[in-house]
Amino acid sequence: GAHVILWTDGQKPDEQSLHEAACLAAWFSQGSQGKKIPVDYTPVKFVKKPAGGKPGMVVYTTYQTIYAVPDEALARRAPELEDVKVRGGISLWKPAIFDIEDPVHHIIYNSHHMSGVERHHIASGACFHEPMRYSELPRYYYDHITPPDVAMFQVTPMDKHGYFNFGLSASHLKAVCQMSKVVIVEVNENMPRCLGGFDNCIHISEVDMVVEGRNDPMGILPSGAATEVDKAVAQLIVEQIPDGACLQLGIGGMPNTVGAMLCESDLKDLGVHTEMYVDAYVDLAMAGKVTCARKNIDRGRQVFAFAAGTQKLYDYLDDNPACMAAPISYTNDIRTVASIDNFVSINNAVDVDLYGQVNGETAGIKQISGAGGQQDFVLGAYLSKGGKSFICLSSTFKDKDGSMKSRIRPTLQPGSVVTDTRVNTMYVVTEYGCVCLKGLSVWERAEKLISIAHPKFRDELIASAEKQGIWLRSNKR
């Protein structure tokens, strides 16, 4: 008995709008989920839209398995919507809702991990970061976030048992589906079918609406060419990786360069357990370096929560029983990571201060990315028998005017976020060396970190350390 009020400007709506409204009425009229509801135009009413009218529907979604057709449909409706909230993260291309007029009054986007596309949208005033430890995201939906009205995301075609595979992003989608009032899936034949252990698919009985999309190609995240700094940092890390180690590579050039160097090494029987699956893992597997034969759990399988890279990666993951897609609450759980011997975690940082505090997500108050699972793996790797966590960064960067700045700082910039606290930081690596901060006092930490800073800035850092009371006169200069 549900009715849909279709706001118009006094004119009869077009067939597209009429059909969408009829489908919306079907959502709320059906007695149980999963039933095929015939499109009925009877409940559709259209009246002239009053000034300041608010439809009142709040939409939440995920952009890791970004939908295409529903996104464009939502963007078309933006002028008639107010106060719509969208949740997502790591968008590989620009969603249509980012191009609407006056987005602040229509659709607000909340990202749990900023990609470059989302970072640029912050300037519109309609895009905000959602801080989190990535492993906790499913629980946010179960316990903290207001249940979403609508979930929309892409899936593989339904299999013979009635299941749609989540494809490249098992991540937190099961929790989203279980908590959302309406679930809409867009079928994409180009989506790789990622086999898994659990929570990597949804049954047709749990789906409210299926959109047969355009079968757009997957978003590509190319790996940039390694710099000499990347190679120097990677070499220092590779030297400390033993046979049988289990790898977690973060996002960025340096972790990928480590993967490339491992392909050329004599190491064997490496394992994979990571949040993000990248091209480097494919190269390692094809080179025979990855077997996962020594893993304590999930032996023989490369475990990941989501994947992004080139078509090579997508082809490799498709229906590959050697790979296992799993929810982020499993892949990033500190207890899971700690249970795997010789776990090696490699992640990037924006900068590090002389106390060992790591900022991996902002430049002052400017949001660059997100914490992701960095803290999860820093903690878990240290608890692993023989485990190590590495925070890698170039010693310097150039600011907008082209002047060189040090990434090893006396203190973090005002407003910069502490992604990893000083007590949790293990190894820090630049092209000038690799130091372990565990068990060190503040003056010892300062000495170690200054030793891997760019030589141009070492005297300046020593002077700052003296002012901060964390430098001994007997310290090495």
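Every heavy atom of this structure was used, including side-chain atoms; hydrogens, water molecules and symmetry mates were not.
- Here the side chain of T310 pairs no donor or acceptor atom with the backbone of P222 at under 3.5 angstrom.
- Side-chain contact, Q375 with D420: no donor N or O sits under 3.5 Å from an acceptor N or O.
- Side-chain contact check for E101 versus H106: every heavy-atom pair is 4.5 Å or farther apart.
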**Request:** Give the C-alpha distance, both sets of side-chain angles, the deciding distance and a yes or no for side-chain contact (heavy atoms from CB on, under 4.5 Å) between V350 and I368.
**Result:** CA-CA 9 Å; V350 176; I368 296 176; 4.3 Å; yes
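- The distance between the ring centers of Y109 and F98 falls below 6.0 angstrom.
- The CG atom of D353 sits 4.0 Å away from atom CG of L412, with the distance rounded to the nearest 0.5 Å.
- K398 places none of its side-chain heavy atoms less than 4.5 Å from the side chain of K405.
- Nearest heavy atoms, I334 versus G380: CG2-CA, 3.8 Å.
- Residues H113 and Y134 keep their aromatic ring centres 6.0 Å or farther apart.
- A donor-acceptor pair under 3.5 Å is absent between the side-chain atoms of D230 and the main chain of V233, judged by distance alone.
- Under the 4.5 Å side-chain criterion, counting only non-hydrogen atoms from C-beta, P95 is in contact with V117.
- Listed here is the closest heavy atom pair of V344 and A245: CG2-CB, 4.0 Å.
- Ion pairing between a basic and an acidic side chain is recognised when a charged N comes within 4.0 Å of a carboxylate O; K231 and E228 show such pairing.
- T430 and R407 share no side-chain donor-acceptor pair at under 3.5 Å.
- A distance-only check finds no donor-acceptor pair linking the side chain of S416 to the backbone of A363 [under 3.5 Å].
- Between C392 and I237, the shortest heavy-atom contact is CB-CD1, 4.2 Å.
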**Request:** Go through the steps for L354 and T411 under the test side-chain contact (heavy atoms from CB on, under 4.5 Å), then give the verdict.
**Result:** CA-CA 6 Å; L354 294 181; T411 60; over 6 Å; no
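- To the nearest 0.5 Å, the span separating CD1 on I220 from CE on M218 amounts to 9.0 Å.
- Side chain of R119 to backbone of Q367: no donor-acceptor contact under 3.5 angstrom is found.
- Checking Y427, Y382, F377 one by one against F390, the ring-ring contact (aromatic ring centres under 6.0 Å, His included) holds for a single residue, Y427.
- When the shell of 6.0 Å around CG of D266 is examined, it contains 12 or fewer heavy atoms from other residues, nucleotides or ligands.
- Atom NZ of K312 sits in a crowded spot, with more than 12 heavy atoms from other residues, nucleotides or ligands closer than 6.0 Å.
- Side-chain contact check for H172 versus Y140: every heavy-atom pair is 4.5 Å or farther apart.
- Counting heavy-atom neighbours within 6.0 Å of H105 NE2, excluding the residue itself, gives a total of 12 or less.
- By the 4.5 Å heavy-atom criterion applied to side chains, V86 and N110 are not counted as neighbours.
- Between S111 and H129, the shortest heavy-atom distance links the atoms O-ND1, 3.1 Å.
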**Request:** Give the intermediate values and the outcome of side-chain contact (heavy atoms from CB on, under 4.5 Å) for residues S464 and I462.
**Result:** CA-CA 5 Å; S464 294; I462 289 172; over 6 Å; no
**Request:** Decide side-chain contact (heavy atoms from CB on, under 4.5 Å) for L449 and V428; before the verdict, give the C-alpha distance in whole Å, the side-chain angles of both, and the deciding distance to 0.1 Å.
**Result:** CA-CA 8 Å; L449 289 165; V428 180; 4.1 Å; yes
**Message:** If you apply the rule salt bridge (charged side-chain N to carboxylate O under 4.0 Å, His left out), what do you find for R214 with E72, and how did you get there?
**Reply:** CA-CA 12 Å; R214 296 185 301 258; E72 294 165 5; 2.8 Å; yes
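- To the nearest 0.5 Å, the span separating OG1 on T396 from CE on M404 amounts to 4.5 Å.
- Side-chain N or O atoms of N348 include none that pairs as donor or acceptor with a backbone N or O of P255 at under 3.5 Å.
- For R445 (side chain) and Y355 (main-chain N/O), a donor-acceptor pair under 3.5 Å exists by modelled atom type.
- Between R294 and D269, at least one side-chain nitrogen of the basic residue sits less than 4.0 Å from a carboxylate oxygen of the acidic one, meeting the salt-bridge criterion.
- Applying the side chain to side chain contact (heavy atoms under 4.5 Å, CB included) test between F166 and each of C177, P327, S171 identifies C177 as the sole match.
- With a 4.5 Å cut-off on side-chain heavy atoms, P147 and Y141 do not count as touching.
- Side chains of D351 and I408 form no contact here, defined as non-hydrogen atoms less than 4.5 Å apart.
- Ring-plane geometry between Y316 and Y277 is classed as parallel, the angle between the planes falling under 30 degrees on a 0 to 90 degree scale with a further cut at 60.
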**Request:** For K174 and E206, run salt bridge (charged side-chain N to carboxylate O under 4.0 Å, His left out): C-alpha distance rounded to whole Å, both residues' side-chain angles, the deciding distance at 0.1 Å, then the answer.
**Result:** CA-CA 11 Å; K174 194 66 172 182; E206 302 172 287; 3.6 Å; yes
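- Side-chain atoms of S345 never come within 3.5 Å of backbone atoms of A381 as a donor-acceptor pair (strictly under, hydrogens ignored).
- Of the inter-residue distances, the one linking I241 atom CD1 with L247 atom CG reads 5.5 Å to the nearest 0.5 angstrom.
- In the displayed structure, H203 atom NE2 is contacted under 6.0 Å by more than 12 heavy atoms of other residues, nucleotides or ligands.
- Residue Q413 comes nearest to G364 through the heavy atom pair OE1-N, 3.6 Å, listed as atom of the first residue, atom of the second, then distance.
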Enumerate, atom names and distances included, each donor-acceptor pair closer than 3.5 Å involving a side-chain atom of residues 188-197, sequence neighbours excluded.
{"residue": "N188", "atom": "OD1", "partner": "N190", "partner atom": "N", "Å": "2.8"}
{"residue": "N188", "atom": "ND2", "partner": "Q154", "partner atom": "OE1", "Å": "3.2"}
{"residue": "N188", "atom": "ND2", "partner": "D216", "partner atom": "O", "Å": "2.8"}
{"residue": "N190", "atom": "ND2", "partner": "N215", "partner atom": "O", "Å": "2.6"}
{"residue": "N190", "atom": "ND2", "partner": "D216", "partner atom": "O", "Å": "3.4"}
{"residue": "R193", "atom": "NH1", "partner": "T156", "partner atom": "OG1", "Å": "3.4"}
{"residue": "R193", "atom": "NH2", "partner": "P157", "partner atom": "O", "Å": "3.3"}

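- A cation-pi arrangement is not found for K388 relative to F343, the charged atom failing to lie both closer than 6.0 Å to the ring centre and inside a 45° cone about the ring normal.
- The OG atom of S135 sits 6.5 Å away from the CG atom of D333 when rounded to the nearest 0.5 Å.
- Residues T419 and Q374 have side chains that never bring a donor and an acceptor to within less than 3.5 angstrom of each other.
- Within 6.0 Å of NZ in K385 there are 12 or fewer heavy atoms belonging to other residues, nucleotides or ligands.
- Taking the six-membered ring where the residue is Trp, the centroids of F304 and Y281 are separated by 6.0 Å or more.
- Listed for the H454 side chain is no donor-acceptor partner under 3.5 Å among the backbone atoms of S406.
- Contact check for V418 versus V358: no side-chain heavy atoms found under the 4.5 Å cut-off.
- Side-chain contact check for N347 and Q248: at least one donor-acceptor pair (N or O, by modelled atom type) lies under 3.5 Å.
- Atom CG in D298 sits 8.0 Å away from atom OG in S339 (nearest 0.5 Å).
- Here the side chain of N200 pairs no donor or acceptor atom with the backbone of A325 at under 3.5 angstrom.
- Remark: the E431 side chain and the S395 side chain contain an N/O donor-acceptor pair separated by less than 3.5 Å.
- The minimum heavy-atom distance linking A280 with N256 is given by the pair CB-OD1, 3.5 Å.
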